[in-house]
Participant: 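Below are the structure tokens for one structure; questions will follow.
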Number of protein chains: 2
Amino acid sequence: MPDPTAIPRRPLRRASILRAAIHLADSDGLDAVSMRGLAQILDVVPMALYRHVADKEDLIDGMVEEILAELPAIAPMRPTDWREAVRAHVHAARELVTRHAWARRALETRTTRTPAVLAHMERLTQVFLRAGFSTDLTHHVMHLLGNRIWGFSPELFDESATVLPGNPPAAEPTGSGNDAPGGKVTLEVILDGVSRLRRAKWRSDAGMPPPSPRGGAPREHQSARE
Amino acid sequence: MPDPTAIPRRPLRRASILRAAIHLADSDGLDAVSMRGLAQILDVVPMALYRHVADKEDLIDGMVEEILAELPAIAPMRPTDWREAVRAHVHAARELVTRHAWARRALETRTTRTPAVLAHMERLTQVFLRAGFSTDLTHHVMHLLGNRIWGFSPELFDESATVLPGNPPAAEPTGSGNDAPGGKVTLEVILDGVSRLRRAKWRSDAGMPPPSPRGGAPREHQSARE
DNA sequence: GCCGTTCGGTGTACGGAGTACACATAATGA
DNA sequence: TCATTATGTGTACTCCGTACACCGAACGGC
């Protein structure tokens with residue numbers, strides 16, 4: 001019979017490892033998460049972790065899964081409110097990756113799509129399908145949204161770099177409807193585009209100029225010449 | 001006087017290091033590029049490289065700079081042909097990152113914006129400015145394009161993952177106007193949206209719903225209700 | 001032509017990473 | 001009670017980036 005006064009053995013389960021790793025990444029960044037460092041924090045020898053995670057990849061996969069579980073459930077709304085639904089999902093994701101700054105890089109480098117990742121995408125997909133989007137359009141809309149479904153836009157250039165020497169300081173356009181961390185404005189623009197596509201019953205196999213390499217602009221894309 | 005028959009000392013310049021690194025990355029992936037491995041290929045001791053690159057970061061920066069130099073010059077076109085100009089630039093970039101598969105990850109992880117990176121962005125920016133876009137709109141358009149200016153769309157989900165268990169195999173919508181490697185269709189959709197924004201004289205400080213957290217959809221974004 | 005300087009390659013070494021493998025110990029269930 | 005299974009330990013290997021001291025060869029001024 002186990003001695004009840006003794007520490008109850010605290011069996012170092014996967015979840016605690018993941019939580020410790022997440023905590024570590026939150027405070028010290030993803031690079032600070034090493035098997036050795038993590039083990040030390042958990043007061044355990046590095047190899048002990050391998051009873052619970054396959055390897056470091058798996059650890060990070062697990063971390064991502066774990067935080068994605070924090071995503072609040074978005075109450076389903078009327079299908080016609082798809083815009084608002086998308087906003088809600090994206091907003092929740094943005095909050096999440098803001099809370100866990102490392103998640104951005106983690107998400108981007110993940111190769112295996114874990115269930116929670118797929119689930120989020122699936123929820124978004126369903127929003128469109130329920131709103132009556134064709135699977136074709138839905139598919140493309142998801143592409144259109146891209147990483148923005150995670151609340152971040154491609155940060156390859158984040159302000160400050162877009163001013164070129166000799167130009168006026170570009171008069172930061174982010175005046176009222178700020179676009180700063182992930183592109184709220186941008187999302188709206190995309191949603192506008194999307195609803196237009198839908199109304200136009202857009203299909204991917206129509207309206208594309210034939211693969212002619214250049215040509216004299218055979219016809220503008222959809223309608224909208226310039 | 002140096003013996004002309006002797007190998008002329010081949011001084012292992014920076015450029016040759018970068019070329020070797022690029023070649024290595026092309027064939028074996030970015031992870032295969034290690035200072036030690038690279039040195040071995042160049043038949044030199046690892047530390048020799050450090051006379052030419054500050055550290056590995058700098059090496060990869062250099063690799064990116066080097067391949068970006070491959071970007072062909074796009075002849076300036078009439079400002080009204082801005083769509084075609086954007087296509088040309090993006091297409092060139094896509095070719096590039098296709099030729100060098102590692103470039104995608106390299107670009108994404110770069111923190112310091114090197115001249116060649118800025119140059120590409122600058123060329124794109126100029127296309128819009130010359131076409132009469134306001135700096136405000138241009139700025140947002142660049143955000144809208146995001147990583148697509150490098151010819152790739154956020155690959156977080158690349159087909160095959162978007163089918164959920166129980167659904168039909170989603171009937172790959174990429175029939176004729178294929179969207180496969182980077183989103184040609186998507187680019188067109190965005191360009192359509194962009195030209196519409198321009199015609200509407202869109203400004204970032206108008207049309208955004210106030211930062212009300214949820215609210216009863218105070219007014220739709222631009223026009224386009226639903 | 002001599003000679004200091006500077007440039008570029010060498011050798012050694014350190015600390016940290018991930019993790020394979022054999023082992024020990026603690027929990028479990030028959 | 002004892003065998004089985006789960007879990008933590010210890011040791012060791014390989015690979016990584018890179019600091020530092022050294023050394024030969026090229027070079028520029030005299």
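Residue numbers begin at 1 in each chain, while the letters A, B, ... track the order of the sequences.
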Participant: Taking C-beta and beyond as the side chain, do A:Met47 and A:Met35 meet within less than 4.5 Å on heavy atoms?
Facilitator: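 SC-SC contact between A:Met47 and A:Met35 ruled out.
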Participant: In terms of relative ring orientation, are A:Phe133 and A:Trp82 parallel, tilted or perpendicular, with 30° and 60° separating the classes?
Facilitator: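 Because their plane-to-plane angle is over 60°, the rings of A:Phe133 and A:Trp82 count as perpendicular.
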Participant: Evaluate B:Val117 against B:Trp150 for side chain to side chain contact (heavy atoms under 4.5 Å, CB included), listing each step before the verdict.
Facilitator: CA-CA 10 Å; B:Val117 170; B:Trp150 299 109; 3.7 Å; yes
Participant: Protein within reach of the bases, or only the backbone? For nucleotides 12-20 of chain D, mark each nucleotide 5' to 3' as B, S or -, using heavy atoms under 4.0 Å.
Facilitator: B---BBBBB
Participant: Above 12 or not: heavy atoms from other molecules or residues under 6.0 Å from CD of B:Gln40?
Facilitator: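 For B:Gln40, atom CD is not crowded (no more than 12 foreign heavy atoms under 6.0 Å).
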Participant: Measure from CG on B:Asp43 to C1' on C:dT10 and round the result to the nearest Å.
Facilitator: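 Atom CG in B:Asp43 sits about 13 Å away from atom C1' in C:dT10.
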Participant: Please report the distance, rounded to the nearest Å, between CZ in A:Arg13 and P in D:dG8.
Facilitator: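 So the two atoms are 10 Å apart, to the nearest Å.
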Participant: Nearest whole angstrom, please: distance from the C1' of D:dT7 to the CG of A:Leu42.
Facilitator: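 So the CG-C1' distance, A:Leu42 to D:dT7, works out to 14 Å.
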Participant: Nearest of D:dT7, C:dG11, C:dG8 to any side-chain atom of A:Arg51?
Facilitator: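 Of the candidates, D:dT7 comes closest.
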Participant: Would one find a side-chain N or O of A:His52 under 4.0 angstrom from OP1 or OP2 of D:dG8?
Facilitator: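 A:His52 to D:dG8 OP1/OP2: side-chain N or O found under 4.0 Å.
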Participant: Side chains of B:Leu42 and B:Leu49: does their closest heavy-atom pair fall under 4.5 Å?
Facilitator: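 SC-SC contact between B:Leu42 and B:Leu49 confirmed.
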Participant: Check the distance between D:dT9's C1' and A:Leu49's CG and give it to me in whole angstrom.
Facilitator: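 Rounded to the whole Å, the gap is 12 Å.
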Participant: How long is the line joining CZ of B:Arg14 and P of C:dC7, in whole Å?
Facilitator: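 Going from CZ in B:Arg14 over to P in C:dC7 covers 17 Å.
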Participant: Side chains of B:Glu108 and B:Asn147: closer than 4.5 Å at any heavy-atom pair?
Facilitator: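 Yes, their side chains come closer than 4.5 Å.
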